[in-house]
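To start, the structure itself, in structure tokens.
Below, read A as the first sequence line, B as the second, and so on, with proteins coming before strands; counting in each chain starts at 1.
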Amino acid sequence: MDYDFIEIEKKWQAWWAEHKTYKAEPDTTKPKYYVLDMFPYPSGAGLHVGHPLGYIASDIFSRYKRLKGFNVLHPMGYDAFGLPAEQYAIQTGQHPEKTTHQNVARYREQLDRIGFSYDWDREFRTSDPDYYKWTQWAFLQMFGSWYDNGLQKARPIAELEAAFAEGGSAAVDAANNDAPVFTADEWTGFTEKEKADILMHYRIAYQGESTVNWCPALGTVLANDEVKDGYSERGGYPVFQKKMTQWQLRVSAYAGRLLEGLDRLDWTDSLKEMQRNWIGKSQGAEMVFKVTCDGKQHDVTIFTTRADTVFGVTFMVLAPESEWVEKLTSASQKEAVAAYLEQVKKKTERERIAGKAVTGVFSGSYALNPLTGAEVPVWISEYVLAGYGTGAIMAVPAHDSRDYAFAKKFDLPVIPLIEGADVSEDSFDAKEGVMMNSGFLDGLTVKEAIPAAIDYIEANGLGHRKVNYRIRDAIFSRQRYWGEPFPIYFKDGIATPLPTEELPLTLPEINEYKPTEAGEPPLARAKDWTYGGYPLETSTMPGFAGSSAYYLRYMDPHNDKALVSPEADGYWRNVDLYIGGTEHATGHLIYSRFWNKFLYDLGYVCEDEPFRKLINQGMIQGRSNFVYRIVNTNTFVSFGLKDRYETTEIHVDVNIVRNDRLDIEAFKRWRPEYEHAEFILEDGEYVCGWAIEKMSKSMYNVVNPDYVCNTYGADTLRLYEMFLGPIEQAKPWSTDGIDGVNRFLKRFWRLFWDRDTWLVTDGEPTRAELKTLHKLIGKEQEDIENFSYNTTVSAFMIALNELQGCSKRAVLEPLLILLSPFAPHIAEELWHQLGHEDSIVYAAFPEYRPEYTVDSSIKYPVSFNGKTRFFLEVPASATPAEVEAQVRSHGLTPKYVGDLSIAKMIVVPGRIVNVVLKK
RNA sequence: GCCCGAAUGGCGGAAUUGGUAGACGCGCUGGACUCAAAAUCCAGUGUCCCUUAAAGACGUGCCGGUUCGAGCCCGGCUUUGGGCACCA
């Protein structure tokens, strides 16, 4: 019998599906383990060879954990709402549902061919009404909640209303956006509308005005993580800053907990660091500057981390979007300021960042330095951001490079505050040195001066300590069609939640997917988009809405009473292993943690962090191949000879190149213009050039897994993707070397079959065979736990080399179990040929017996300190007496045996043995 | 500019974490089988000196240090990948 991977893979994929081999149900007799892949957005291009890398790794881990006796939950689904399907709908009129459906079907077909052990009964799409019902439900929970800063948790909004009735706005310490101040009596006297407006400032999902990223080309606002360098991440269109009223999620309220929680997670340091930077905690102080404008006085609060530098303040700056701008612009400067604001508004985000030109305008008002009493001018400049701190800063040009650049441009004074700092050319930003020109701070180091200054400020009522976070609330509205509708209607102008029994609020049919002529979102086109006669919200939720709690839904995907039942949540708890790319570091992985913490506060889930351990698989880049056409001819010259001619480099489809050798016949068929191409060969072959580039259609370097499955089989694909290198590392795809992995499987097969002869016998394994087997067991265990799959594959190849001709059942049976996570089809086939009726997934991982693997041996002699030492390797479990015996067995006389918990030396006359302990 | 990470043969990558660098695979060279090819199997394959071999010397981006011993630790660079970037 030959290794017919096509037949074998088809057969077992069908068998697994029919027997629901990978179905997972809560089982309290076993420990649970939840392995999750970041689910894909089903794009029109289908799955390419880079997608399955993480899926294969997680599948191997899942299968390994099952063999180790865990009850494994390993689901898969689709992040199905999103821009591409909608853009396609706008162009073609095809309903995004239809496009998505086709794409999902294709993804599923491709996934099925790779032999994943997903529990497909738990599959869903985020665009299924049964699913997005719970996205809408979660939104309503957020709408109906506020964040108590004292308790550091979300609470029902009714409790806030009760507190207001009791003690007015001062009664609570709640996260809010510029909520007004009022007494209990005032609260009771407010109209319904007034109350609703106030509560809106406290809700965790709220409607509020803020500066948003507006993308005119897409006709929608975007979240910060959807904007890269001033362009939309999807589509690459320019993004503008615009003040708009939008639904937002109060992620900022959770900043402290999102930061702290990182310490308890088993994620890579680089990813945690990215999140820390994104959250951006900084400690400092808020202080009040008295500002006079046309004779009127105002208290303007600023935030600073350098309270020690107040003596060096020579001006103040407001953000152009700051609400202070209007109040602090003097009559005489009105025109100049208006002109400046107009100019700023026109710029894209990109231009603001990239230009870095120093711009600004004098407001006409003056502030008093609270420590020195000096009068300083107030300026307006775009280098101050409205969204961070208070939107107003005190400027210390001597010790802040941005302030310095501004001072130089507008000729403002610079007062150095640190001894020896030369500020004639540049500011001195470092937080080191000894203070001067700073009154009571003189002589202190910067590190001492910062707290001393804040203490003084607090003691004199000028301000207080304050922690600021960079992270902003997430913009949650999208002016698009293909997303979850908001379950909100506007009753007399009051945003009102739909009753939960009305959920899901399904997407209405519309005839066109564009915004309306009036610039309203596409849902405004829907007929009768109302509830109880009141208009429904017309924007939809962003892509991250559906992906924020999907891991919870997998635990209980068919429940129509709850997002997840307490029983299912209590059993599966959270994701033990999450595998996906780093590109979600500041998007999905922040939103999900926020979403989960919110549900945790309300008691719907039992764990406050969703993803315990996270592995980032590296991107698979494309490896492009080139042919070289001699200029003005149809002749192609092989890579090694191309320098003798003047040539043009042309991308060639990598699917007709093997090991950098061009399949000339396929090339001729590839394009009509190459049908009669001529070739100048090297040693009878055409060698192609190559380069590492992003995998893309236009570079003809996209490798489809179907191709590999057809040519080599899924098991080869799985082994090869793992063999390519460490999972976290970005690496180029190439089919070089895939033959080696395929050869391994064919040789493995031949341990069982020599053509049509069944080779398996019942003989007793030799000591050497047991050593090979147990070395592999130990290695595989260790490697899988460390996600070092490439070395496991190597270990298999070594074991196979050592086991040539060994067809003993007692060796082959455990070997199959070891192989099954990596190459499940061939393992399952041979497992059944050995006479087993049940799937190999029900087998137990073989027990590792270290005593078979380590023999003590003298490694090599080394001379130092005038003595010769020998390195002796012994098992870590060895006692001193055993070590002594070992030393004697090598003809050496031990003089001293040290503590064996660490490597120690055994001294012999003139010679020392260094004992190296082996685990 | 700031913060992480990486650098090892012709290539992908190993190296028990301070102990014989280059496992395993690819590629390449030679051989066996074959009329031939494919497939398969066997042997060789870091560099230099050399007809070859033995032996030797050199060798983990560069310079220096610690150590009996450094790919691994320390100091200073170079190149490169990624993230953040007016965050006061």
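- Ion pairing between a basic and an acidic side chain is recognised when a charged N comes within 4.0 Å of a carboxylate O; A/K779 and A/D783 show such pairing.
- Between A/R747 and A/R306, the residue anchored nearer the 5' end of RNA chain B, judged by the nucleotide with its closest heavy atom, is A/R747.
- Remark: P of B/C26 and CZ of A/F723 are 8 Å apart, rounded to the nearest angstrom.
- Residue contacts for A/N277: at a heavy-atom cut-off of 4.0 Å it reaches no nucleic acid atom on any strand shown.
- Pairing for B/G44 goes to B/C28, judged as Watson-Crick or G-U wobble with the two contacts each under 3.5 Å.
- Residues A/T359 and A/E382 have side chains that bring a donor and an acceptor to within less than 3.5 angstrom of each other.
- In terms of position on RNA chain B, the residue among A/R472 and A/S794 whose nearest nucleotide sits closer to the 5' end is A/S794.
- In this structure, A/N468 reaches neither bases nor backbone, as no heavy-atom distance under 4.0 Å exists between it and the strands shown.
- The glycosidic torsion of B/G9 lies within 90° of 0, placing the base in the syn range.
- Side-chain polar atoms of A/S252 and A/D473 form a donor-acceptor pair below 3.5 angstrom.
- Across the protein-nucleic acid pair, A/I279 atom CD1 and B/A85 atom P stand 14 Å apart, rounded to whole Å.
- Nucleic acid contact class of A/I798 (heavy atoms, under 4.0 Å, all strands): sugar-phosphate only.
- Shown here, B/U17 is classed syn by the O4'-C1'-N9-C4 or O4'-C1'-N1-C2 angle, which is within 90° of 0.
- When the nucleotides B/C26, B/A88, B/G13 are ranked by their closest atom to the side chain of A/N790, B/G13 comes out on top.
- The CG-P distance, from A/L745 to B/U40, rounds to 12 Å in whole Å.
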